[in-house]
Undergrad: 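Sharing a structure, written as structure tokens. Questions coming.
Keep in mind that the numbers below use all heavy atoms, side chains included, and drop hydrogens, waters and symmetry copies. Each chain gets a letter, A, B and so on, in the order its sequence line appears, and its residues count up from 1.
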There are 2 protein chains.
Amino acid sequence: MNIYDIAKLANVSIATVSRVVNNSPKVSPKTKEKVLAVMKENEYTPNAFARGLGLGSMKTVGIICPNIDDIYMAKAVSYLERNLHAHGYDCILGCSGFKQEEKVDYVRLLLSKKIDTLILVGSTYAGNGKDESDTDYIREAAEQVSVFMINAKVSGDNIYCTYADDFQATYEVTKAFIRRGKEKILFMYDSESYSARQKMAGYEAALQDAGYPIRGNLKFKTKNDIEYTRDMLLEYNRTLDFDSVLATEDGIAIGAVKYAKIKGLAIPEELAVVGYNNSILAISSDPELTSVDSKLGVMCKKTVERMIDLLEREIQIEKNVCVPCEIVRRCTTDF
Amino acid sequence: MNIYDIAKLANVSIATVSRVVNNSPKVSPKTKEKVLAVMKENEYTPNAFARGLGLGSMKTVGIICPNIDDIYMAKAVSYLERNLHAHGYDCILGCSGFKQEEKVDYVRLLLSKKIDTLILVGSTYAGNGKDESDTDYIREAAEQVSVFMINAKVSGDNIYCTYADDFQATYEVTKAFIRRGKEKILFMYDSESYSARQKMAGYEAALQDAGYPIRGNLKFKTKNDIEYTRDMLLEYNRTLDFDSVLATEDGIAIGAVKYAKIKGLAIPEELAVVGYNNSILAISSDPELTSVDSKLGVMCKKTVERMIDLLEREIQIEKNVCVPCEIVRRCTTDF
DNA sequence: ATGAAAGCGCTAACAT
DNA sequence: ATGTTAGCGCTTTCAT
């Protein structure tokens, strides 16, 4: 069943059918009704490809994240999908992994599918902070469609970023630790992503402002893996002296909690722990984890809102939006 | 840049360009090279909509799950995406929620986007087991594209199902409980989905086979929410007597663990607990959770393999595939 | 091996 | 308010 069939059955031209389908005001109620009836009777659905070809759009946005099997990414995609669906857009999802080449390939692939917009979720897409060139593929993509980044900052025309104020959050957590008498705050991270760099910078700034030294061996690189982190701490704890942990991921923080239990350290008195993302892990942990909530829902909503403004209302939109975090206090800290 | 431009620049017809793009064997190496050069030079990418219109396919599969902000669903989508991507298919993702009407709408929506195949993830799409009619929309969809269900069983032409052997798994867990002297096994569930029904049936069968009574008050409906479950148990424990918990979700099981801690019950001696899905929650818990692994990775792989066989090789494929579960033993049980 | 031309099903400008 | 028609960019059949 195509538009010609419907037109014939309804005794009108295909233009009229098209108008009815697209809710054009200039078609008489009578013919509209007639056409709708024929359409319903034959369960007609316009061919999306033909429509896309004519219009140059299928109302689809591409979402790329490194790995949706990650609570944080899944949450982001969930928020994005909901907001986009509400505005009549569909999501085509890609999981690129963390390798540069695959990121580049995946972006190209989605562009070739003629998406209306590209959303890159995660701080890994902001590059390593050293070479500008490793984000060139994003600027290239932005020549074809507008690109929205979530939790990453990349400069370039037609690139719009939304990110959490991670600097401020870790600054405040570190200050709070210091106020409660903690002197040896272990900063645990698992990548050099944009977001991780912001977090480390906040940590360092707070130490500096308090007149504390920044000690390299208190910056501890690990993996976002509970058991790996726990074992690393057990291994290094002879040479490492710390009374609190600021982790860039909840999984890392829970590794620290597990370590404390094995060592018989009281939480938070002997070891205070703060995680990040306020994921379900934070409350599944025992004791429940104090965690920084990066307000992912807010970020996703703001992203989609601006996207719609740009795509449909052609309004001027904010280029970069920074969202404040919230520190959710639970049992692994005494502040 | 379209196919005409390339044809002109390469001094060939659009048919030849099309042949080159589609890797047709009947084009001389020389012209092929020439065309490829022009294409590269101009960064030509075929228009996906036009291609879709001609071919009737954009190599896209629709994936619908109730909610990707759920560890299990996210894992499934992750596996599916990876396998599909490897075969050159893209995923368009929809989160339908659990309401019947929205499921129906979302299926229709994706069908109208001319997906090559539809994958429904989650046992919620199998209906409530009472009305056949609540899965009619799936059979309707299957008239247009083949439908693959993950962890659900729905009968109908062109519908292919892959599900875990949940019956066997809960049967074995229950038997193991009984062998270890547990007499009052609390079955905790959060829905009447297909999978939940299988789990309950396995539990009941094991009790029956052991000559134990099936007591209605030992079937406890809750939510897949740690705190809610914990509080429900605290509230009902005056009237409820149980020495072990078999939960249909890890989150529920952790709620039971939290309850045991508050009540000062030793795990697993005074309260043994088994969760489901072997999610990250199982190891973030303390003590770590014994959990049934439903082999989601295997299910997803089998699904995509059959899909490719059907779509590209037009081979006869298995209609229903049942995958055995694995019981991952950790610290909340003594078996 | 290559080209010409007829679709694929729709939208939108233009004509009436 | 409705119809005619020219694209949109590709695939594919049929000639050559």
Side-chain angles (χ1 to χ4, degrees), chain A residues 1-39 42-60 88 90 111-116 144-145 311-312, chain B residues 1-39 42-60 88 90 109 111-116 144-145 312:
Chain A
M1 269 293 157
N2 62 28
I3 200 170
Y4 292 94
D5 301 324
I6 301 297
K8 207 162 286 171
L9 290 169
N11 277 315
V12 295
S13 71
I14 58 162
T16 299
V17 177
S18 176
R19 288 192 188 98
V20 171
V21 167
N22 293 287
N23 241 309
S24 160
K26 36 187 176 183
V27 48
S28 81
K30 209 168 176 177
T31 45
K32 180 168 180 173
E33 199 181 349
K34 184 173 57 179
V35 172
L36 281 174
V38 176
M39 280 172 42
N42 296 274
E43 292 181 340
Y44 167 69
T45 345
N47 181 300
F49 298 148
R51 207 138 191 273
L53 184 57
L55 256 35
S57 154
M58 265 178 65
K59 294 204 91 178
T60 303
D90 287 318
L111 286 183
S112 82
K113 295 269 169 159
K114 295 254 161 217
I115 50 177
D116 291 21
Q144 301 198 37
V145 299
L311 256 44
E312 308 202 331
Chain B
M1 268 293 156
N2 62 27
I3 201 171
Y4 292 94
D5 300 323
I6 301 297
K8 206 163 289 172
L9 290 170
N11 276 317
V12 294
S13 72
I14 59 163
T16 300
V17 176
S18 177
R19 289 192 186 97
V20 171
V21 167
N22 293 289
N23 242 311
S24 161
K26 37 187 173 181
V27 48
S28 81
K30 210 168 173 177
T31 45
K32 179 169 182 172
E33 198 181 349
K34 186 173 56 178
V35 172
L36 281 174
V38 176
M39 279 171 44
N42 296 275
E43 294 182 336
Y44 168 70
T45 344
N47 181 301
F49 298 149
R51 203 137 194 271
L53 184 56
L55 255 37
S57 155
M58 265 178 65
K59 295 204 86 173
T60 303
D90 287 317
L109 177 64
L111 286 182
S112 81
K113 294 270 168 159
K114 296 253 161 216
I115 49 177
D116 291 22
Q144 301 198 37
V145 298
E312 308 202 332

Undergrad: Record whether the side chain of A:Y4 comes under 3.5 Å of the base of C:dC8 through a donor-acceptor pair of N or O atoms.
TA: no

Undergrad: Starting at CG of B:N22 and ending at P of D:dT12, how long is that distance when rounded to a whole Å?
TA: 7 Å

Undergrad: Taking for each residue the nucleotide of DNA chain C bearing the nearest heavy atom, is the 5' side occupied by B:A50 or by B:T16?
TA: B:T16

Undergrad: Considering only side-chain heavy atoms of B:V27, which listed nucleotide, C:dG9, C:dT2, D:dC10, is closest?
TA: C:dT2

Undergrad: Closest approach to the side chain of B:N2, judged atom by atom: which nucleotide of C:dT11, C:dT2, D:dC10 is it?
TA: D:dC10

Undergrad: All N/O contacts under 3.5 Å from nucleotides 13-16 of chain D to the protein, with atom names and distances to one decimal?
TA:
none

Undergrad: Compare side-chain N and O positions of A:T31 against OP1 and OP2 of D:dA1 and report whether any pair is under 4.0 Å apart.
TA: no

Undergrad: Could you pick out which residue, A:M1 or B:P29, lies toward the 5' side of DNA chain C when each is mapped onto its nearest nucleotide?
TA: B:P29

Undergrad: Side-chain N or O of A:S18 versus OP1/OP2 of C:dT11: is the shortest distance under 4.0 Å?
TA: yes

Undergrad: Counting only side-chain N and O atoms of A:N47, is one of them less than 4.0 Å from OP1 or OP2 of C:dG9?
TA: no

Undergrad: Rounded to whole Å, please give me the gap between CZ in B:F49 and C1' in D:dC10.
TA: 13 Å

Undergrad: May I have the distance from B:M58 (atom CE) to D:dG9 (atom P), rounded to whole angstrom?
TA: 15 Å

Undergrad: Expressed in angstrom and rounded to an integer, what is the separation of B:L55 atom CG from C:dG9 atom P?
TA: 13 Å

Undergrad: Using only atom types and a distance under 3.5 Å, with no angle test, would you say the side chain of B:N2 pairs donor to acceptor with the backbone of B:D5?
TA: yes

Undergrad: Nearest to the A:I3 side chain among D:dT2, D:dG9, C:dG9, which nucleotide is it?
TA: C:dG9

Undergrad: Within a strict 4.5 Å, meaning less than it, do heavy atoms of the B:R19 and B:V35 side chains meet?
TA: no

Undergrad: Would a distance-only check, ignoring hydrogens and angles, find a side-chain to backbone donor-acceptor pair under 3.5 Å from B:K113 to A:M58?
TA: yes

Undergrad: Heavy atoms, side chains only, cut-off 4.5 Å: are A:I115 and A:Q144 in contact?
TA: no

Undergrad: Please determine whether the number of non-hydrogen atoms from other residues, nucleotides or ligands lying under 6.0 Å from atom CD of B:E312 exceeds 12.
TA: yes

Undergrad: Taking CG from A:L53 and P from D:dA6, how many angstroms apart are they, rounded to a whole number?
TA: 17 Å

Undergrad: Where each residue is assigned the nucleotide of DNA chain D containing its nearest heavy atom, which of A:N11 and A:G54 is assigned the position nearer the 5′ end?
TA: A:N11

Undergrad: Give the rounded distance in Å between these two atoms: CD1 of B:I14 and P of C:dA6.
TA: 12 Å

Undergrad: Show your working on side-chain contact (heavy atoms from CB on, under 4.5 Å) between B:V20 and B:T31 and close with a plain yes or no.
TA: CA-CA 9 Å; B:V20 171; B:T31 45; over 6 Å; no

Undergrad: Taking OP1 and OP2 of C:dA4, is either one under 4.0 Å from a side-chain nitrogen or oxygen of B:S13?
TA: no

Undergrad: Among B:L9, B:V38, B:T45, which residue meets the side chain to side chain contact (heavy atoms under 4.5 Å, CB included) test with B:M1?
TA: B:L9

Undergrad: Rounded off to whole Å, could you give me the CZ-to-C1' distance for the A:R51 and C:dG9 pair?
TA: 11 Å

Undergrad: On the nucleotide D:dT2, are OP1 or OP2 found under 4.0 Å from the side-chain N or O atoms that A:S28 carries?
TA: yes

Undergrad: With the side chain counted from C-beta on, respond yes when A:I3 and A:Y44 share a heavy-atom pair under 4.5 Å apart, and no when they do not.
TA: yes

Undergrad: Specify the residue among B:A48 and A:V12 whose closest nucleotide of DNA chain D lies further upstream toward the 5′ end.
TA: A:V12

Undergrad: What integer distance in Å separates B:K8:NZ from C:dG3:P?
TA: 14 Å

